[in-house]
Protein chains: 2
Amino acid sequence: MRPTLQDMADILNLSKSTVSRALSGDPRVAQATRARVESLAKSIGYTPNPIARGLATRRTNTIGLAVPCAPRSLSDPFYLEFLGHAGNAAMKCGYSLLLSAAEEDGADTHNAHVRLASSARIDGMILTEPKIKDERIAALKKAGIPFVFLGMTSDPDVSWVSCDNRLGAAEAVAWLTGLGHTRIACLTGPADQTASDARYRGYCEALDEAGIPLDLNIVASGDFTQAGGHAAMREILERGKTVSAVFASNDVMALGAMCALRESGLSVPEDVSLVGFDGIAFAQYSTPPLATVQQPIDELGNASVEVLIKLMCGDNGGPIHRVMPARFRPAGSVAAPGRAFVLESPD
Amino acid sequence: MRPTLQDMADILNLSKSTVSRALSGDPRVAQATRARVESLAKSIGYTPNPIARGLATRRTNTIGLAVPCAPRSLSDPFYLEFLGHAGNAAMKCGYSLLLSAAEEDGADTHNAHVRLASSARIDGMILTEPKIKDERIAALKKAGIPFVFLGMTSDPDVSWVSCDNRLGAAEAVAWLTGLGHTRIACLTGPADQTASDARYRGYCEALDEAGIPLDLNIVASGDFTQAGGHAAMREILERGKTVSAVFASNDVMALGAMCALRESGLSVPEDVSLVGFDGIAFAQYSTPPLATVQQPIDELGNASVEVLIKLMCGDNGGPIHRVMPARFRPAGSVAAPGRAFVLESPD
DNA sequence: TTGAAAGCGCTAACAT
DNA sequence: ATGTTAGCGCTTTCAA
């Protein structure tokens with residue numbers, strides 16, 4: 001059996017309190033006593049029980065991380081990279097990371113997030129995929145623990161960390177128009193997520209800037225999964241619409257779209273240029289390498305933890321918002337449009 | 001404030017015990033009573049405090065996952081993929097996943113693993129990267145919680161789940177010899193890990209099988225990181241040794257080696273064929289796509305959780321060992337050796 | 001079928 | 001500088 005504080009106290013002829021203080025670095029304890037306590041602890045391998053401590057202090061030194069909602073999953077590449085960075089950052093600060101069990105019923109991930117938040121198992125929580133109207137927020141506020149979103153929220157009173165989705169998307173699409181593309185398809189994310197919305201706005205703005213009218217026939221909605229990207233791309237192709245470029249709202253969908261294009265006998269970038277969003281590690285290894293809007297995933301991970309810790313320490317001067325740049329990164333998947341798409345032939 | 005069991009009891013004019021029983025499905029409680037309890041719980045949103053429950057029952061419904069030791073990190077692609085699958089599996093079974101904080105001192109990750117194991121915060125633990133002589137094992141046994149390794153352990157008394165590293169490696173190298181390669185370099189993993197050892201043995205066996213003598217001049221040791229693979233490859237090139245193929249003990253090192261080769265003006269696979277191990281998702285997206293030994297990462301994740309749960313349920317008929325196949329997956333990074341390397345020119 | 005009481009191992013007033 | 005005393009919110013004997 002693990003030795004307990006009581007065991008320590010008994011052996012040393014001290015009270016539990018003194019032992020507890022000695023171990024937690026409380027100044028009001030004699031040097032000699034502290035030394036005895038520490039040495040005994042080391043020799044019998046005593047280490048405080050975090051569960052008991054958690055019950056007494058209502059702090060667990062644990063950060064909860066919300067698991068993505070279906071159809072995305074824990075295995076989503078972007079999420080996983082984020083998880084890695086956030087986890088490293090959290091541990092560097094002495095926090096553990098808890099990935100909560102989903103709802104028994106399976107379906108309602110949102111509910112699981114709220115339950116985790118109000119479970120007393122964590123001191124703070126990091127959430128992803130904010131929705132435009134996110135029912136979790138009210139519940140989270142009621143739960144009373146600090147939380148931070150990866151991605152902007154509509155509610156101005158919520159802390160978040162995000163890249164500039166709109167600007168990043170606009171920059172990417174502007175690059176395409178700059179090359180002479182005028183038929184640029186858009187594969188959007190789920191309509192209810194703020195990120196989808198912002199990226200779509202960036203797309204529209206860049207078209208507008210270039211004087212290209214928005215054509216909803218070449219816009220299709222995906223769900224941020226590879227299968228979704230594949231389906232959305234097929235949908236546009238099956239509408240019989242020709243495009244010279246595609247802006248996918250995330251990299252995973254772009255990779256799905258790449259397959260769909262190939263299946264239709266179109267090659268990237270000769271026939272169709274392709275751009276993604278996120279900058280997941282795969283992107284640079286695909287064939288051809290995927291041009292994408294690079295999010296600073298490591299910094300987002302670090303910042304999420306940093307902001308959350310600030311919040312957990314009660315440094316509460318209102319909500320904290322942190323925007324990081326997302327920069328377009330050209331790569332082999334984009335090229336100037338083929339002859340068929342150039343309005344004014346150069347020769 | 002969260003309502004407590006006491007609050008429930010007060011409102012219902014029942015004792016805490018009865019409420020507790022009603023909620024945990026204890027049969028000896030009147031139907032009517034149970035109904036009242038459940039309905040109140042729902043209406044005031046009562047949910048038991050898992051920390052308090054954990055203290056009382058000594059069970060937390062949480063699985064600990066050991067974080068990789070430096071120089072690998074939480075961000076290692078193979079680990080992250082494994083984490084994703086194991087996490088999904090765990091949650092499906094109602095368990096949460098805890099990634100523990102590293103040691104304050106930073107260095108000693110092993111110690112952190114042991115501490116997590118004996119922290120009373122988890123019911124069982126999944127560990128990775130077993131060492132040939134793994135000091136954690138004794139400590140883990142003493143901690144008294146069930147644990148399972150991803151990868152074979154030397155200690156036959158420990159449960160583990162692993163692919164067949166030796167056979168997988170041998171199959172890959174045999175493929176190379178089958179193509180006519182005779183100068184096949186090997187980038188090994190850390191010498192103290194069982195996986196490195198098994199893969200290296202597979203390499204040696206395949207050479208032997210083909211009647212090719214082992215040449216230690218074209219073997220270099222890496223550390224399973226991209227930088228390590230890069231360095232190991234450079235080392236061999238700088239020794240002035242020529243090779244027509246390279247077997248890297250994992251994919252990340254293979255990608256590092258690919259860079260090193262390119263930097264030396266060698267192209268893959270025209271000048272040098274390259275094979276990795278793991279089958280991380282990147283592999284198929286690299287240019288050229290990386291031939292690799294595919295581990296069934298999803299099954300490994302599922303099996304780890306499954307075995308651990310079996311262990312946690314006390315289903316203890318000795319240690320459980322589960323071996324899964326690892327199959328060589330050819331891809332663009334391998335080709336027959338160039339003329340210079342063919343002993344007997346075909347024409 | 002229900003209740004009372006004693007912990008689980010720790011922290012945190014409040015003494016002394 | 002140390003000890004005493006209550007809890008933290010739950011489960012679990014043991015009684016009734």
Side-chain angles (χ1 to χ4, degrees), chain A residues 1-38 40-41 44-62 115-116 118-123 143-145, chain B residues 1-38 40-41 44-62 115-116 118-123 143-145:
Chain A
M1 279 304 292
R2 284 168 55 86
T4 73
L5 201 56
Q6 188 60 250
D7 297 336
M8 294 277 291
D10 290 349
I11 296 177
L12 293 168
N13 266 335
L14 286 172
S15 70
K16 289 194 295 180
S17 336
T18 306
V19 179
S20 173
R21 285 183 198 117
L23 256 20
S24 57
D26 190 306
R28 44 187 206 177
V29 60
Q31 272 311 318
T33 314
R34 162 158 304 140
R36 286 175 62 214
V37 171
E38 285 174 344
L40 177 64
I44 68 175
Y46 169 78
T47 134
N49 178 329
I51 298 288
R53 180 179 282 190
L55 186 57
T57 60
R58 290 111 176 293
R59 300 201 51 241
T60 58
N61 286 304
T62 302
R115 295 240 309 232
L116 174 59
S118 44
S119 73
R121 291 204 295 173
I122 58 176
D123 297 339
I145 67 163
Chain B
M1 279 304 293
R2 284 166 56 83
T4 72
L5 200 58
Q6 188 60 251
D7 297 335
M8 295 276 291
D10 291 348
I11 297 176
L12 293 168
N13 263 336
L14 285 172
S15 70
K16 288 192 298 180
S17 334
T18 305
V19 179
S20 172
R21 286 185 196 114
L23 256 20
S24 56
D26 190 306
R28 44 184 205 181
V29 61
Q31 272 311 318
T33 314
R34 163 158 304 143
R36 289 175 58 215
V37 171
E38 284 175 346
L40 178 64
I44 67 173
Y46 170 79
T47 134
N49 178 329
I51 297 287
R53 180 179 284 195
L55 186 57
T57 62
R58 287 111 178 291
R59 299 202 51 244
T60 59
N61 287 304
T62 302
R115 295 243 307 234
L116 174 59
S118 43
S119 73
R121 293 204 294 175
I122 58 177
D123 297 339
I145 67 165

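Just so it is clear, the values below take in all heavy atoms, side chains as well, and ignore hydrogens, waters and symmetry mates. The model shown is predicted, which means the values in this text are computed figures rather than measured ones.
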Asker: What integer distance in Å separates Leu5(B):CG from dC10(D):C1'?
Answerer: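 Taking CG of Leu5(B) and C1' of dC10(D), I get 7 Å after rounding.
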Asker: Go through Ile51(B) and Ile51(A) one step at a time and tell me if the side chain to side chain contact (heavy atoms under 4.5 Å, CB included) criterion holds.
Answerer: CA-CA 6 Å; Ile51(B) 297 287; Ile51(A) 298 288; 4.2 Å; yes
Asker: Could you go through Val37(A) and Met8(A), starting from their C-alpha distance and side-chain angles, then the distance that decides it, and tell me whether this counts as side chain to side chain contact (heavy atoms under 4.5 Å, CB included)?
Answerer: CA-CA 8 Å; Val37(A) 171; Met8(A) 294 277 291; 4.1 Å; yes
Asker: Between dG3(D) and Arg21(A), counting only base atoms on the nucleotide and side-chain atoms on the residue, is there a donor-acceptor pair under 3.5 Å?
Answerer: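 Side chain to base: pair found, below 3.5 Å.
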Asker: How close or far is atom C1' of dC10(D) from atom CG of Asp26(B), stated in whole angstroms?
Answerer: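 So the CG-C1' distance, Asp26(B) to dC10(D), works out to 15 Å.
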Asker: Roughly, in whole Å, what's the span from CG in Leu23(B) to C1' in dC10(D)?
Answerer: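 Interatomic distance, CG of Leu23(B) to C1' of dC10(D): 11 Å.
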Asker: Taking atom types as they are modelled, would you say the side chain of Ser17(B) forms a donor-acceptor pair with the base of dA4(C) within the 3.5 Å cutoff?
Answerer: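 Indeed, a donor on one side and an acceptor on the other fall under 3.5 Å apart.
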Asker: Do the side chain of Thr33(B) and the base of dT1(C) come within less than 3.5 angstrom through a donor-acceptor pair of N or O atoms?
Answerer: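 It does not, because no donor-acceptor pair links the side chain of Thr33(B) to the base of dT1(C) below 3.5 Å.
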Asker: Which of these nucleotides, dG3(D), dA12(C), dG3(C), is closest to any side-chain atom of Thr57(A)?
Answerer: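 The listed nucleotide nearest to Thr57(A)'s side chain is dA12(C).
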Asker: Between Ser15(B) and dG3(C), does any side-chain N or O lie under 4.0 Å from OP1 or OP2?
Answerer: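 So the side chain of Ser15(B) is within the cut-off, an N or O lying under 4.0 Å from OP1 or OP2 of dG3(C).
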Asker: So what does Asn13(B) hit on the nucleic acid, given a heavy-atom distance under 4.0 Å: a base, only sugar-phosphate, or nothing?
Answerer: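 Contact class for Asn13(B): sugar-phosphate only.
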Asker: When the distance from CG of Leu14(A) to C1' of dT4(D) is rounded to whole Å, what number comes out?
Answerer: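 Atom CG in Leu14(A) sits about 14 Å away from atom C1' in dT4(D).
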Asker: When you measure from the side-chain N and O atoms of Ser20(B) to the phosphate of dC10(D), is any distance below 4.0 Å, counting only OP1 and OP2?
Answerer: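 No, Ser20(B) has no side-chain N/O under 4.0 Å of OP1/OP2 on dC10(D).
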Asker: To the nearest angstrom, how far is Lys16(B) atom NZ from dA5(C) atom C1'?
Answerer: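 Going from Lys16(B) (NZ) to dA5(C) (C1'), I get 9 Å.
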Asker: Can you check the Asn49(A) CG to dG7(C) P distance for me, whole Å?
Answerer: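 Atom CG in Asn49(A) sits about 18 Å away from atom P in dG7(C).
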Asker: I would like to know whether Val19(A) and Leu23(A) meet side chain to side chain contact (heavy atoms under 4.5 Å, CB included); could you show each step before the answer?
Answerer: CA-CA 6 Å; Val19(A) 179; Leu23(A) 256 20; 4.0 Å; yes
Asker: Rounding to a whole Å, what distance do you find between Arg28(A):CZ and dA1(D):P?
Answerer: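 After rounding, the reported distance stands at 10 Å.
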Asker: Please give me the minimum heavy-atom distance between Tyr46(A) and Thr4(A), naming the atom from each residue.
Answerer: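 That would be CE1-C, 3.6 Å.
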Asker: Roughly how many Å is it from CD1 in Ile51(A) to C1' in dC10(C), rounded to a whole number?
Answerer: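 Value for this atom pair: 12 Å.
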Asker: With respect to the side chain of Ala56(B), which nucleotide from dT11(D), dG9(C), dC10(C) is positioned closest?
Answerer: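 Nearest listed nucleotide: dT11(D).
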Asker: Apply side chain to side chain contact (heavy atoms under 4.5 Å, CB included) to the pair Thr47(B) and Ser118(A), showing each step before the final yes or no.
Answerer: CA-CA 9 Å; Thr47(B) 134; Ser118(A) 44; 5.6 Å; no
Asker: If you assign each of Thr18(B) and Arg58(B) to its closest nucleotide in DNA chain C, which residue comes earlier from the 5' end?
Answerer: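 Closest to the 5' end, via its nearest nucleotide, is Thr18(B).
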Asker: Please pick, from dC10(D), dG9(C), dT2(D), the nucleotide with the shortest atom-to-atom distance to any side-chain atom of Arg53(B).
Answerer: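 Among the listed nucleotides, the one closest to the side chain of Arg53(B) is dC10(D).
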Asker: If you only use heavy atoms from C-beta on, which nucleotide in dG9(D), dT11(D), dT2(C) is closest to the side chain of Leu55(B)?
Answerer: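 Within the option list, the nearest is dG9(D).
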